[in-house]
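Each remark here refers to the structure printed beneath this line.
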Amino acid sequence: LIFSDIMNDSLVNMVFSFLCSLVTLVLYTSVIKSHMVHEWGWGWLRGNHSRLSQYEEKYSYFPETERIKRLGDAKNMFQFAYDNYVKYAFPLDELDPIHCTGRGSDQSDPSNLNINDVLGDYSLTMIDTLDTLAIIGNTSEFKQAVQLVIENVSFDNNSTVQVFESTIRVIGGLLSAHLLITDASQPFGDLEPEGYENELLEMAYELGTRLLPAFDSTSTGLPHPRVNLRHGVPEDGIKQTCTAGAGSLLLEFGLLGQLMHDPVFEGVAQTAVKSLLASRSNKTGLLGNVIDISSGKWVGTQSGLGAGSDSFYEYLLKAFIMFGNSSYLDSFNELYSSLKKYMRRGRQNCRSGLGEVPMYVNTHMDTGKTINTWIDSLQVAFAGVQVLAGDIEEAVCTHALFYAIWKKYNALPERFNWASKQPDVLFYPLRPELIESTYFLYQATQHPYYLHVGSHILESIETYCKSKCGYATLHNVITKTKEDRMESFFLSETCKYLYLLFDKDNHVNTAFHRYIFNTEGHLFPLRSEYRTKTWWNTCKDDRSCASVNFASNMSHQCVNMAPEKHFPLPLNSHYMEQIDKLVGLI
């Protein structure tokens, strides 16, 4: 009765309503804060936002003077490593940068696949570096290097090499250099050596022909993983291949076949892809990572985005862009949908909402269940694929996870365990995948954050990997002990992407829609004669038009990141802190 009497008073009624609203607000705020504490730490309750402001202060602006300096640093890094390869190692395949010597295949130990899969005694680093010389504008050295390759390289070697590595590095390098030389517009300067008569193309064709026996005598159409350049498939050769190795030949073999008017190359590459796609799990649509080339049965049932699988997805999308075959795009979209459904963990949206850090994990191909708790360094290249697919938002989160690992070690360990927050495999062989995806994301967003990332990567390599005669593999990312090896992809990809990131006026960047990179970083032009796309004819002179029409073919719409230029970060600072905590950085 007393309560009822009080409520009749209008003034008291207003006060009571205000108190009710205040209680509701306090309760709501406490719920939200509890979520923040769970996801982002007690710093939110303490009112400690200093770390978050540090993210914004550090990454929201990149001075033009610093960009120019870093461009020079990237060029000097390349030149130092290249000059020493020529001085101490050529015509051998690789430079040992600590002892200033060269190395070729390990003829004394054929089982040394770490060396022999890649080194075929064919001046690998020189061939792999040709288009980098052109892109950085060193036309005189490019022409001299082409002449050295023509005069010194032979493929009539008793070397057993991996088909995949020889294709992406050597055939890819030869084709790229040939197409740059024969481009009538010469956008990189005068690259044609005196008296050039398509020798590089002929060399690519010879090597391709020597690799073709890999496709003989396999009922599945899947290639043998290794071929002896002189004798063909070894009698005791392994009859198991990884998904990426068998299914990432479309660009090089397709382009070689078109340039030489020989349909065999494109045919065998297509058959291998079709065989892999037909072997997808009928439960999840996923692929394994190792398959028997005779039976077509999976012997490795891990489905992931890293080593053994990575470039297969990349080449489905890039083959569509290069050749216009819509079946490649359809297959990519189907697989990408399966990857998101069964391999992706974390909150639904990368840049909004509550939940765990978005991440693609290794799963069983038939169940989609997580089978281990590590990710490997090659997986970060998928962010670049996501950019090409128009899924910029997902690319931002994929990239951010691996950059957080780099920040922790100033390098990227070959495998990182996200459960223990420690590396499972400790070495860093100067891989390019993180800087590659950084470059693609900068091209897509123009956000200064990615210039900061590239600057950090360049500085780390210069500080911890530089040796007497080049840049060395880190044997241990924690102790920073070195290993005496500089793989060819350091000059072909790592230095190239670093240089292009900071060279805003480079022809590759001003005509980005006219080129595509193979998985070794070799530049291939996109030409109408290679494809049958209807949208290319109407949009070939308009970069934005081509982008819009390409996006309409995808299974999802492009995420427009342009407004994010006006914000401090491409990913909000509390999500950045969440990722840093996941990897044990803070």
Side-chain angles (χ1 to χ4, degrees), residues 162-165 167-168 211-227 233 237-254 265-320 323 325-344 360-372 376 378-379 382 385 389 519 555:
Q162 194 182 89
V163 174
F164 168 72
E165 294 290 356
T167 299
I168 65 169
L211 297 179
L212 280 179
F215 296 88
D216 295 342
S217 304
T218 61
S219 58
T220 61
L222 298 169
H224 292 265
R226 297 173 182 86
V227 166
V233 177
I238 298 172
K239 290 182 170 54
Q240 297 175 358
T241 188
C242 67
T243 302
S248 304
L249 308 173
L250 282 170
L251 290 187
E252 297 81 9
F253 274 37
F265 291 95
E266 188 170 7
V268 295
Q270 285 181 336
T271 299
V273 168
K274 290 177 180 177
S275 181
L276 287 169
L277 291 172
S279 301
R280 285 177 291 179
S281 169
N282 57 13
K283 299 175 182 177
T284 64
L286 298 174
L287 298 104
N289 61 340
V290 180
I291 193 168
D292 187 288
I293 65 171
S294 298
S295 66
K297 302 292 185 182
W298 292 102
V299 293
T301 54
Q302 174 178 298
S303 191
L305 295 176
S309 301
D310 52 345
S311 55
F312 177 69
Y313 308 109
E314 173 190 353
Y315 268 37
L316 284 175
L317 183 55
K318 289 184 176 180
F320 163 69
F323 303 118
N325 187 332
S326 61
S327 67
Y328 297 143
L329 178 61
D330 292 340
S331 296
F332 174 83
N333 282 334
E334 291 171 9
L335 282 169
Y336 193 28
S337 178
S338 295
L339 298 180
K340 282 191 167 183
K341 182 176 181 180
Y342 293 103
M343 292 167 53
R344 192 184 185 282
Y360 291 83
V361 302
N362 298 319
T363 66
H364 192 282
M365 63 177 292
D366 288 323
T367 65
K369 292 183 177 180
T370 304
I371 60 174
N372 54 54
D376 72 60
L378 292 175
Q379 185 174 327
F382 195 67
V385 178
T519 198
S555 61

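Sequential numbering from 1 along the given sequence is applied to the chain's residues.
Looking only at side-chain heavy atoms (C-beta outward), Ile291 and Val299 stay at 4.5 Å or farther from each other. In this structure the side chain of Thr167 never reaches within 4.5 angstrom of the side chain of Leu251, judged on heavy atoms. You'll find the side chain of Met343 reaches within 4.5 Å of the side chain of Leu305, heavy atoms only. Contact of the Phe265 side chain with the Leu249 side chain is not registered, since no non-hydrogen atoms from C-beta on lie closer than 4.5 Å. For the pair Tyr313/Tyr336, no side-chain contact is recorded, criterion being any heavy-atom separation below 4.5 Å from C-beta on. Looking at heavy atoms from C-beta onward, Thr241 lies out of side-chain contact with His224 at the 4.5 angstrom threshold. With a 4.5 Å cut-off on side-chain heavy atoms, Asp310 and Gln379 do not count as touching.
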Q: Please assess Val273 against Leu277 for the test side chain to side chain contact (heavy atoms under 4.5 Å, CB included), listing each intermediate value before the final yes or no.
A: CA-CA 6 Å; Val273 168; Leu277 291 172; 3.8 Å; yes
Q.
One pair to check against side chain to side chain donor-acceptor pair (under 3.5 Å): Thr519 and Ser311. What are the steps and the verdict?
A. CA-CA 7 Å; Thr519 198; Ser311 55; 4.7 Å; no
Q: For side chain to side chain contact (heavy atoms under 4.5 Å, CB included), just list the numbers for Thr363 and Lys369, CA-CA rounded to whole Å, side-chain angles, deciding distance to a tenth of an Å, and then say yes or no.
A: CA-CA 5 Å; Thr363 66; Lys369 292 183 177 180; 5.9 Å; no
(Q) Apply side chain to side chain contact (heavy atoms under 4.5 Å, CB included) to residues Asp292 and Trp298 and explain how you reach the verdict. (A) CA-CA 6 Å; Asp292 187 288; Trp298 292 102; over 6 Å; no
(Q) Could you walk me through whether Leu335 and Phe312 satisfy the side chain to side chain contact (heavy atoms under 4.5 Å, CB included) test, starting with their C-alpha distance in whole Å, then the side-chain angles of each, then the deciding distance to 0.1 Å, before giving a yes or no? (A) CA-CA 11 Å; Leu335 282 169; Phe312 177 69; 3.8 Å; yes
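To the nearest 0.5 Å, atoms CZ (Arg280) and CD (Glu334) are separated by 5.0 Å. In this structure, CD on Gln302 lies 12.0 Å from SG on Cys242, to the nearest 0.5 angstrom.
Closest heavy-atom contact between Leu222 and Ser275: CG-OG, 3.7 Å. Looking at every heavy atom in both residues, Arg344 comes nearest to Lys340 through CB-O, 3.3 Å. Nearest heavy-atom pair across Ala214 and Val163 is CB-CG2, 3.7 Å. Minimum heavy-atom separation, Asn325 to Gln270: ND2-NE2, 4.1 Å. The two residues Leu286 and Ser303 have their closest heavy-atom pair at CB-OG, 3.5 Å. The shortest heavy-atom contact between Ala319 and Leu250 is CB-CD1, 3.9 Å.
Phe215 and Phe253 have tilted rings, their planes meeting at an angle from 30° to 60° on a 0 to 90° scale.
Proximity of a side-chain donor or acceptor of Thr301 to a complementary backbone N or O of Asp366 within less than 3.5 Å is not detected. Looking at Ser337, its side chain never comes within 3.5 Å of a backbone N or O of Asn333 through a donor-acceptor pair. Under a 3.5 Å cut-off, the side chain of Ser309 and the backbone N or O of Asn289 do not form any donor-acceptor pair.
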